[in-house]
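Data first, discussion second: the structure below is written as structure tokens.
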Amino acid sequence: MQSKYDFKVIESKWQQYWEEHGFYKVTEEPDRPKYYDLEMFPYPSGNLHMGHVRNYAIGDVVARFKSMNGFNVLHPMGWDAFGLPAENAAIKNGIHPAIWTYANIENMKRQLKTMGISYDWDRELATCKPDYYKFTQWMFLKLYEHGLAYKKKSAVNWCPSCQTVLANEQVVNGSCERCEAVVEKKQLEQWFFKITDYAQRLLDDLDMLPGWPEKVKIMQRNWIGRSEGCQFDMRIKGRDEVIPVFTTRADTVFGVTYMVMAPEHPLVEEISHNTPQAEAVQEFVAKMKLLSEIARTSTESEKEGVFTGAYAINPMNGEEVPIWIANYVLMDYGTGAIMAVPAHDQRDFDFARKYNLPIRVVIKGEDTPLNGAELTEAYVGGGIMVNSGDFDGNSVESGIAAVITYMEENGIGQGSINYRLRDWLISRQRYWGAPIPIIYCQDCGMVAVPEKDLPVLLPEDVEFKPSGESPLNYVSSFYKTTCPNCGNPAHRETDTMDTFVCSSWYFDRFCSPQESEQPFDKAAADYWMPVDQYIGGVEHAILHLMYARFFTKFLYDIKWLSCQEPFTNLLTQGMVLKDGSKMSKSKGNVVSPEDIINTYGADTARLFILFASPPERDLEWSDAGVEGAYRFLNRVWRLVLDYADLPQSQDGEAAELDEAARQLRFKTHATIKKVTDDIEGRFNFNTAISAIMELSNMLGAYRDNPNPQPVVFREALESMLLLLSPFSPHIAEELWQLTGHTDSITLMSWPQYDESALMQDEIEMVIQINGKVRDRITVPSTSDEETLRQLCMQTGRVSDQLQGKTIHKVIVVPGKLINIVAR
RNA sequence: GCGGAUGUGGCGGAAUUGGCAGACGCACCAGACUUAGGAUCUGGCGGCUAACACCGUGGGGGUUCGAGUCCCUUCAUCCGCACCA
């Protein structure tokens with residue numbers, strides 16, 4: 001016998017077998033329970049990395065496990081194939097993004113296939129293919145039709161050195177991730193999706209997702225950032241305009257001593273015009289414009305501002321207060337202007353102290369001074385309203401309600417809710433994305449491309465240069481078109497869509513990826529959706545998962561989907577680390593999955609990565625650990641080959657089991673139970689694998705038994721292979737065949753444990769004295785408490801320990817321990 | 001600053017409901033087989049001990065017959081958000 005099993009031969013043999021027999025192809029079967037198991041599809045960067053391996057290994061265990069448990073499992077894979085790296089490669093190396101992308105997909109698919117994952121490759125999709133992005137454009141049209149896609153002027157990240165717009169993700173600490181130039185803000189006409197219309201539902205429905213990690217839900221809640229308060233108008237002294245403000249602290253409205261507008265506020269220029277402040281205001285506004293978003297809004301940067309020369313009137317008490325502009329007020333939250341209450345808001349307090357603005361206390365807490373000058377910091381706690389006219393005496397809570405009611409009754413303002421969530425900017429001035437299907441006609445204005453004209457195809461012959469504009473601007477065959485309304489000359493929108501748009505509905509497409517007339521077949525989606533288990537990195541906790549939820553709700557509203565949430569259960573896997581930090585080229589600590597699979601095989605790679613750590617946690621890569629996994633599979637190999645010629649299992653029980661056989665049978669069924677619970681209940685694959693190792697260890701020990709009982713042994717061996725098969729499917733298939741089976745192990749049912757095998761006649765119990773383990777006794781499992789009390793006193797060690805002590809109490813935990821409390 | 005997570009042998013980790021701390025694996029040590037071993041098998045392996053005992057889950061305190069697990073407090077590391085009115 002060879003000392004090492006030949007994984008190369010075995011793995012390619014079974015991969016070929018599965019493929020030839022169409023093992024993982026699925027169709028809707030209304031009579032069977034479905035299970036949609038999905039891993040986040042990758043960006044085709046060119047090579048699989050360990051994070052992918054971990055992601056897909058986890059997903060494959062789930063798929064194979066569910067399949068063996070009778071579910072009709074949909075387990076597809078595809079490519080998030082639009083995106084910047086392809087275009088950057090084009091700029092740098094002169095390779096067309098499409099060629100680069102498809103070559104990468106080819107290579108990654110090849111690598112993925114060597115992993116032996118149970119994908120239905122017939123459903124493979126790539127978001128950059130016209131048959132896919134046709135429907136990404138369809139999604140845009142539907143949103144546009146329902147008023148949820150709109151265009152507005154907006155500040156975007158602009159890299160002055162690359163001469164291009166950057167996505168938020170490409171801005172690292174205020175600088176361009178590629179050239180490290182400081183990113184500026186630039187005003188551009190941009191397309192947005194009105195995700196804010198769904199803010200409340202996106203927030204509320206998080207409660208319908210018990211299968212999501214609490215961490216992710218909290219992050220989404222914070223991101224949506226709902227806050228309740230009220231909005232009211234401040235009149236400007238001597239002018240007709242009013243400035244609306246939003247506050248969560250209506251109870252402090254009598255403490256307003258100034259107000260602040262964002263420097264970008266549209267009224268700033270108006271109100272400072274013709275005042276002595278005009279010049280200072282213009283200077284300050286100009287200065288702010290030059291700053292990056294980070295430099296402008298960071299908590300670290302000092303608060304700065306200037307007086308506008310204008311005054312506002314507090315509608316509650318008629319007081320005039322100066323209007324300032326300052327860096328700490330943001331144009332895109334609330335109304336872009338605030339009432340400032342320095343006594344009860346730390347930011348206002350800091351600002352007031354710096355510019356010597358008055359501070360008036362209107363909430364009296366315990367031991368807080370009533371004189372603003374004595375405050376050392378803003379008082380933000382609870383207390384009683386003071387200096388607030390008729391409202392004095394109210395608590396913070398009742399005061400907020402009372403002030404809002406008063407405002408509503410007197411037409412001053414009203415209760416209002418604000419969200420931190422912003423609309424989703426989907427425009428990209430890039431080539432390698434789905435073109436936004438809009439046409440501009442001189443006569444008709446903005447016209448949506450009719451559905452029948454989709455897809456708006458990306459032209460192939462394009463010149464790539466970093467110009468700050470979409471390369472599509474320079475392709476006249478694309479740019480120039482005719483108006484679908486009037487037929488006059490018109491031009492196309494040249495922005496393409498953010499790739500997050502493409503990934504917001506791909507899980508729907510997987511249900512029926514061949515559809516050419518519609519994005520997906522409703523019946524198929526009704527059968528498969530929602531995704532039962534979604535698995536991927538936590539880095540997508542907010543953006544991708546929020547956008548996908550938004551799309552799902554929208555598709556539900558327009559009656560294309562019947563589920564309101566796309567992902568019932570979410571597993572966020574940890575990172576794969578090497579030497580304590582993330583694998584990266586710059587650190588030189590990258591371990592290549594392809595090398596590992598070549599050296600040890602896919603079964604070993606999968607087994608190690610699942611064994612080393614539970615899935616949610618970060619995983620420290622260990623070459624020695626991989627060796628260990630490989631050794632284990634070789635032990636299993638030898639163990640099975642040693643006994644491959646055992647007789648087939650017989651019906652019914654073996655006549656009489658000796659003690660060793662009973663123990664082995666107990667272990668077999670205990671392992672089935674443990675592995676099942678670990679996979680199903682909590683995805684703890686590491687402990688599931690360790691349980692299989694224990695069973696294999698016991699089988700190894702049993703080989704020395706002079707009187708082995710073949711039926712029990714065979715049951716143990718076969719159970720071990722079945723339990724191992726979702727983790728390391730190739731070796732399990734091969735050994736299953738070698739033990740005389742003709743059907744693939746993939747088609748077998750998951751083993752069921754026999755409750756009666758888990759019954760033990762005798763159990764070991766721990767005896768504690770005052771909580772410390774002093775002895776153990778083996779007793780019949782049926783012993784009653786009284787018997788146990790007596791038995792435990794009789795052991796030598798216990799009676800020694802009890803010398804000279806009085807027993808106060810004896811606690812019996814059935815099946816576990818006896819604790820004698822003695823003093 | 002706010003929010004979240006984690007902290008257990010030399011290492012990765014286990015202990016699921018308050019009940020034997022350290023399963024399983026790695027590394028290491030000893031032995032067997034062997035011309036040989038970086039293969040395989042057997043045994044050992046938290047600290048301190050000759051042994052008994054004692055100590056031990058980041059630190060301190062508490063609840064309990066009993067705490068890695070619950071409560072209070074504190075430290076460290078990591079992640080997310082960050083002037084959100």
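In what follows, every heavy atom counts, from backbone to side chain, and hydrogens, waters and symmetry copies are set aside. Just so it is clear, the structure is predicted and the values come from calculations on it, not from any experiment. Each chain gets a letter, A, B and so on, in the order the sequences are listed, and its residues count up from 1.
In this entry the distance linking CG of A:N418 with P of B:C83 reads 16 Å, nearest Å. Between the CG atom of A:D623 and the P atom of B:A27 there is a distance of 11 Å, given to the nearest Å. When rounded to the nearest whole Å, the span between CZ of A:R774 and C1' of B:C52 equals 11 Å. Rounded to a whole Å, the NZ atom of A:K582 is 21 Å from the P atom of B:U77. Regarding A:I763, its CD1 atom lies at a distance of 14 Å from the C1' atom of B:G19, rounded to whole Å. Nucleotide B:G12 holds its C1' atom 14 Å from the NZ atom of A:K578, rounded to whole Å. Atom pair A:M693:CE and B:A23:P shows a separation of 14 Å (rounding to whole Å applied). One can place CZ of A:R226 at 12 Å from P of B:A85, the figure rounded to the nearest angstrom.
Remark: A:E755 does not engage A:K673 in a salt bridge, criterion side-chain N to carboxylate O under 4.0 Å. Ion pairing of A:K287 with A:E304 is present here, as a side-chain N (NZ or NE/NH1/NH2) and a carboxylate O approach within less than 4.0 Å. One finds a salt bridge joining A:E302 and A:K354 here, because a Lys/Arg side-chain nitrogen approaches an Asp/Glu carboxylate oxygen to under 4.0 Å. By the 4.0 Å N-to-carboxylate-O rule, A:D345 lies too far from A:R249 to be salt-bridged with it. Salt bridge status for A:K578 with A:E620: absent, with no side-chain N to carboxylate O gap under 4.0 Å.
Contact between the side-chain N/O atoms of A:R682 and the OP1/OP2 oxygens of B:A15 is found at a separation under 4.0 Å. For A:N686, no side-chain nitrogen or oxygen approaches OP1 or OP2 of B:G12 to under 4.0 Å. OP1 or OP2 of B:C55 lies within a sub-4.0 Å distance of a side-chain N or O belonging to A:K772. The phosphate of B:U64 has neither OP1 nor OP2 within less than 4.0 Å of any side-chain N or O from A:N819. Phosphate proximity of B:G38 to A:R631: absent, as no side-chain N or O sits under 4.0 Å from OP1 or OP2. Remark: A:R420 is not in phosphate contact with B:C81, judged by side-chain N or O atoms under 4.0 Å from OP1 or OP2. Dashed line: the shortest gap from a side-chain N or O of A:R617 to OP1 or OP2 of B:A14 is under 4.0 Å.
B:C71 and B:C78 have their P atoms separated by 26 Å, with the value rounded to a whole Å. Nucleotides B:C24 and B:G38 are separated by 25 Å at their P atoms, to the nearest Å. The separation of B:U73 from B:G10, taken at their C1' atoms, amounts to 32 Å, rounded to a whole angstrom. Rounded to a whole angstrom, the distance from the C1' atom of B:A27 to that of B:G44 is 14 Å. Distance check on atom C1': B:A67 versus B:A21 gives 11 Å, rounded to whole Å. A gap of 10 Å separates the C1' atoms of B:U69 and B:U17, to the nearest Å. Spacing between B:C26 and B:A32 at atom C1', rounded to whole Å, works out to 23 Å. Taking the C1' atoms as reference points, B:C41 lies 46 Å from B:C65, given to the whole Å.
Out of B:C83, B:G25, B:G19, the shortest distance to the side chain of A:K303 is found at B:C83. In the set B:G19, B:C26, B:C20, B:C26 carries the atom at the smallest distance from any side-chain atom of A:A624. Each of B:A14, B:A85, B:C20 was ranked by its minimum atom distance to the side chain of A:I338; first place goes to B:A85. Checked against B:A85, B:U16, B:G19, the side chain of A:K674 finds its nearest nucleotide in B:U16. Taking every side-chain heavy atom of A:N697 into account, B:G25 is the closest of B:C83, B:G80, B:G25. Side chain of A:Y333, nearest nucleotide from B:C20, B:G12, B:A85: B:A85. Checked against B:C20, B:A15, B:G25, the side chain of A:N684 finds its nearest nucleotide in B:A15. In this structure, of B:C81, B:A85, B:C20, it is B:A85 that holds the atom nearest to the side chain of A:L330.
Using a 4.0 Å heavy-atom criterion, one finds that A:G225 contacts no nucleic acid atom at all. Note on A:E627: nothing from the nucleic acid sits closer than 4.0 angstrom, heavy atoms only. No contact: A:V341 has no heavy atom under 4.0 Å from any strand. Nucleic acid contact for A:T248: sugar-phosphate only, since backbone atoms but no base atoms lie under 4.0 Å from a heavy atom of the residue. Residue contacts shown for A:V821 are limited to sugar-phosphate atoms, with no base heavy atom under 4.0 Å away.
Side-chain atoms of A:R774 and A:Q768 include no donor-acceptor pair closer than 3.5 Å. Residues A:Y379 and A:T252 have side chains that never bring a donor and an acceptor to within less than 3.5 angstrom of each other.
No hydrogens or angles were tested; on distance alone, nothing pairs the side chain of A:K4 with the base of B:U40 as donor and acceptor under 3.5 Å. Between the side chain of A:K809 and the base of B:C65 there is no donor-acceptor pair of N/O atoms closer than 3.5 Å.
With a glycosidic angle further than 90° from 0, B:G66 counts as anti.
For B:U64, there is no paired base (Watson-Crick or G-U wobble, both distances below 3.5 Å). Under the Watson-Crick or G-U wobble criterion, with both distances below 3.5 Å, B:A5 is paired with B:U77. Across all strands shown, B:G12 forms a Watson-Crick or G-U wobble pair, both distances under 3.5 Å, with B:C24.
When the nearest nucleotides of RNA chain B are assigned to A:A612 and A:E694 by heavy-atom distance, the more 5′-ward of the two goes with A:A612. Residues A:S227 and A:I218 each lie close to RNA chain B; by heavy-atom proximity, the contact nearer the 5' end of the strand is made by A:I218.
Ring pair A:H544/A:F500 is parallel by interplanar angle, where below 30° counts as parallel and above 60° as perpendicular.
Here A:E214 pairs with A:K217, A:I218, A:R221 under the side chain to side chain contact (heavy atoms under 4.5 Å, CB included) rule; sequence neighbours left out.
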